[in-house]
Structure formats: C-alpha cells, structure tokens
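First the proteins, then the strands, lettered A, B, ... as listed; each starts at 1.
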Protein chains: 2
Amino acid sequence: MMDADVPRTPARRRRDAAATRQAILDAAVAAFTRHGYDGVGVREIAQSAGVTAMLINRYFGSKEQLFAEAVDVAFAPRTVIAGTGDALAGETARALAARTAPEADELGPFLLMLRSAANPSAAEIMRDAIARHAGRHLGEELSGDAAGVRAELMLALQAGVWLLRSVLATTALRDAPQEELAAHMEPLFRRLTDPQ
Amino acid sequence: MMDADVPRTPARRRRDAAATRQAILDAAVAAFTRHGYDGVGVREIAQSAGVTAMLINRYFGSKEQLFAEAVDVAFAPRTVIAGTGDALAGETARALAARTAPEADELGPFLLMLRSAANPSAAEIMRDAIARHAGRHLGEELSGDAAGVRAELMLALQAGVWLLRSVLATTALRDAPQEELAAHMEPLFRRLTDPQ
DNA sequence: GTCTATAAATGGATAGAC
DNA sequence: GTCTATCCATTTATAGAC
C-alpha cells in the first residue's frame, strides 16, 4: 500500500511527556473547580485530558499531589483583587458582582476553594497556597494597622459572596442587579482597604 | 431460674422507633457538620447513633433525605445572628469572633453549609433551608431598601469568616485576638444592618 | 510513553432472618 | 424493631504488557 512508509501521526497527540503532564494539570484545575476535591475522580480528570488514569499517578504521584499543583496554578494569577490604590474597593466589588452573576458560569480560585474545603488534606494545601499567593498580593496593596487581618477579611467577604450567590444561588443575591449589588459591596471593601 | 420472667432490658436502648430516629438525626447533624455531606458515610453515622446502617434507610429513605432533615434541624435555631436593633452589628461581630476562635471547636450551621457545598444536591437542599430559616430571621431584623440583599451579604460575610478562620485556619485571622477581630468586623456589619 | 487489567477498599442501598 | 449478610457501583493505586 502507498501509506505503508508514511510516519504515523496518532489521532490525539504525540507521545510527549511534558504536553501530557500539562494537559492533565489543566483538566485537573477545571475539574476540581467544578466539583471539588472529593467530587471528582482521577478517571474523570484523565478522560478530560485524553489519557488514562494511570498517568496521573505516573506524573504526579497521587491525587493529592495533583491537587496541590492544581491549587498552585489556580491561585497564582492575581484574579482575587482588581485595581490598585483608591480604585481597589470599587473595582473589586464590580468584578465580584460580574463574575458571580448567574449567567456567567466562570471558574476561578474561590470556587475551587469553596468546593474543596470539606477535605482536611485539601484544606491544608489551600491554606498554604493562600499564604503564598493571595496573602502576598493583598499585602502589596494594603498598608496600615492590621493589614493582614484586613486582607483576609477581604478574601472572606469575597468567598462568602461566591458561596451564596454562585454555589448556593440564594434568591436575593442571585436576583440582584449587578450594579446594585456592587454598590452594596463597595463600602464594605472600602472600609477594609482604607488605611486605618 | 429466678430471672426467667423478668422483662429483659437490652444493653443499649429499648426498642423505640422515635428514640432511634432521633439518635440517628442527632448523629447526622454532628457528622455532616464535621465532615460534610460527601465526607461521611451512612455506616459512620449509624455507628455514632448505636445502630446499624440499614436503619437509616428504614427511617429516612436515603442519605440525601437524612441530610435534608439534618439541615433543617441545624438551620432552625437563631444562632446566625445575635442581638437586635442597634446592638445587632456589634453582637454579631463579637459572637462570630468568639465562635470561630481556634480553641473553640464549635459546630453550627455555617460549618455544615461550608463543608457540604460541593455536592449539588446538598447545595439545593441548603438553599431552600436558608430561604426558610436564616432569610426569615434576618428579614425580621432588617428593614429599608434591599433588605434581602443586605441580609444575605451578612450571611456571606459570616460564612467567609468561618471558612478562612475556622476551616482553613489562615494565619492572620487565626492569630488575631478576638476583640481586635470583632472591632474590625463590626463596622462591616453595621453598614449592612443600618437602614439605607 | 502509554496501555489494559486488576487489586483492595469503601460507598449507598436492599433481602430476608429473627 | 433491628439485625446479618450481601449486591453492585465506584474509588485510588499498582502490576505488567507492548
């Protein structure tokens, strides 16, 4: 036959360890965000990445270590706060109202955090990640007394809004218009961002 | 023998359907609060109640229906907010700081909510319970524009503090002295309780 | 570098005895 | 009214073939 000597190109992807590892990691971030640590199995993640479950242990050692790397990826970008200086409170409130809107099925570190918090091992991994990433980001913006406490209260308020509005979809927050909700949240953030 | 006619008193408990049902329900509230819906099995709950797993399905139909009743029990008492009128913000802030302290390993509806939020069925059950209980309690206290949104923002802030301070134990919130933390949270609650 | 096959444990739910 | 025993699905992790 004519194609006897043509180099075969597998349907999915070349055999490339780095690319496979990255595909698994991307799938893991999405899956853990949508279903939480306990809510998703390694088979499901592997299938999304187009590989078999075995490769997860091959490249990451265990489900828990894969989760640790996924958390690091999800928490690294500075998505938790928006804007700087005087605009910090307003921008954060508006971004939060937009991203937790019922029609915006967005991902993001808060959903990963909320949906994995029940597992003690996952909680410990996330606590360390917060100290390394989010805490550091907010520490750059906030100054004055008790900057650490005020920064974590900002995170707490955001996490709570994500929980009630996005995860549980309680009626008042779900139905609130974006601008109105942002207007209610901005003074809360401002009380925390302004130096005291 | 002398004891042939003496009524036998079983070691644990009489055969009493109502008492057994209540024992299962109490054990379920504690277990779901500590480990979340997905983090605990019916065998474990049954063992805490001193019965076998089978009786859970006998009396409640399924794990999910047992969870629904446990949520209703946990959310019914008015523990989410403290005080009334002018004292509402301050009392809520102080109670929250006290109950989320590292040394106080307390239970309560917020821990149940946070640790079960990852499961979609559990989330729906909790959304309905919030509408029936917590929303109604806060609705009695709050008045003015957008009372519903402000009430749910109060719940969100409390849930977020429970998450970071109690579940994740992030450093700044964990190490903050109770009075200082309450002082930082009170103006946030006041901004939400005061009629607008 | 990736697969199939399977081990070993655990989940919720059910049948039938007493 | 409560038990033992079991079914069946699903989980993480591993062994060994190609």
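Sorted by first and then second residue, the salt bridge (charged side-chain N to carboxylate O under 4.0 Å, His left out) pairs with a member in residues 62-77 of chain A read A:Arg21-A:Glu69, A:Asp72-A:Arg132; sequence neighbours excluded. Applying the salt bridge (charged side-chain N to carboxylate O under 4.0 Å, His left out) test to every pair with at least one member in residues 156-167 of chain A, sequence neighbours left out, gives no pairs at all.
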For this session: Would you write the dot-bracket representation of DNA chain D, where each base gets (, ), [, ], | or . depending on whether it forms a Watson-Crick or G-U pair under 3.5 Å and with which partner?
Result: |||||||.||||||||||
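With sequence neighbours excluded, the residues satisfying side-chain hydrogen bond (donor to acceptor under 3.5 Å, both in side chains) with B:Glu106 are B:Arg99. For A:Phe189, there are no ring-ring contact (aromatic ring centres under 6.0 Å, His included) partners at least two apart in sequence or on another chain. Scored by the side-chain hydrogen bond (donor to acceptor under 3.5 Å, both in side chains) test, B:Asp38 finds B:Asn119 as partners (sequence neighbours excluded). A:Arg34 pairs by the salt bridge (Lys or Arg N to Asp or Glu O under 4.0 Å) definition with nothing, not counting sequence neighbours. Take A:Glu124 and apply the salt bridge (Lys or Arg N to Asp or Glu O under 4.0 Å) test, not counting sequence neighbours, and it matches no residue.
The phosphate of D:dC3 (OP1 or OP2) has a side-chain N or O of B:Thr52 nearer than 4.0 angstrom. A:Thr20 has a side-chain polar atom (N or O) that falls below the 4.0 Å cut-off from OP1 or OP2 of C:dT2.
Rounded to an integer number of Å, the gap from CZ of B:Arg43 to C1' of C:dT14 is 12 Å. One atom, CD of A:Glu44, and another, C1' of D:dA13, lie 18 Å apart when rounded to the nearest Å. Taking atom CG of residue B:Asp38 and atom P of nucleotide D:dT11, one finds them 12 Å apart after rounding to whole Å. Remark: P of C:dG12 and CD1 of B:Ile24 are 14 Å apart, rounded to the nearest angstrom. Between B:Phe67 atom CZ and C:dG11 atom P there is a gap of 17 Å when expressed in whole angstrom units.
For residues 56-65 of chain B, proximity to DNA chain D is found at B:Arg58, B:Tyr59, defined as any non-hydrogen atom under 4.0 angstrom from a strand atom.
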Problem set entry | side-chain contact (heavy atoms from CB on, under 4.5 Å) evaluation trace for A:Leu66 with A:Tyr59 | CA-CA 9 Å; A:Leu66 171 62; A:Tyr59 287 124; over 6 Å; no
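Going from atom CD of A:Glu186 over to atom OG1 of A:Thr193 covers 9.0 Å, rounded to the nearest 0.5 Å.
Residue A:Leu55 places its side chain closer to C:dT2 than to any other of C:dG11, D:dT2, C:dT2.
A residue-by-residue look at A:Ala53 and B:Met54 shows that B:Met54 has its nearest nucleotide of DNA chain D further toward the 5' end.
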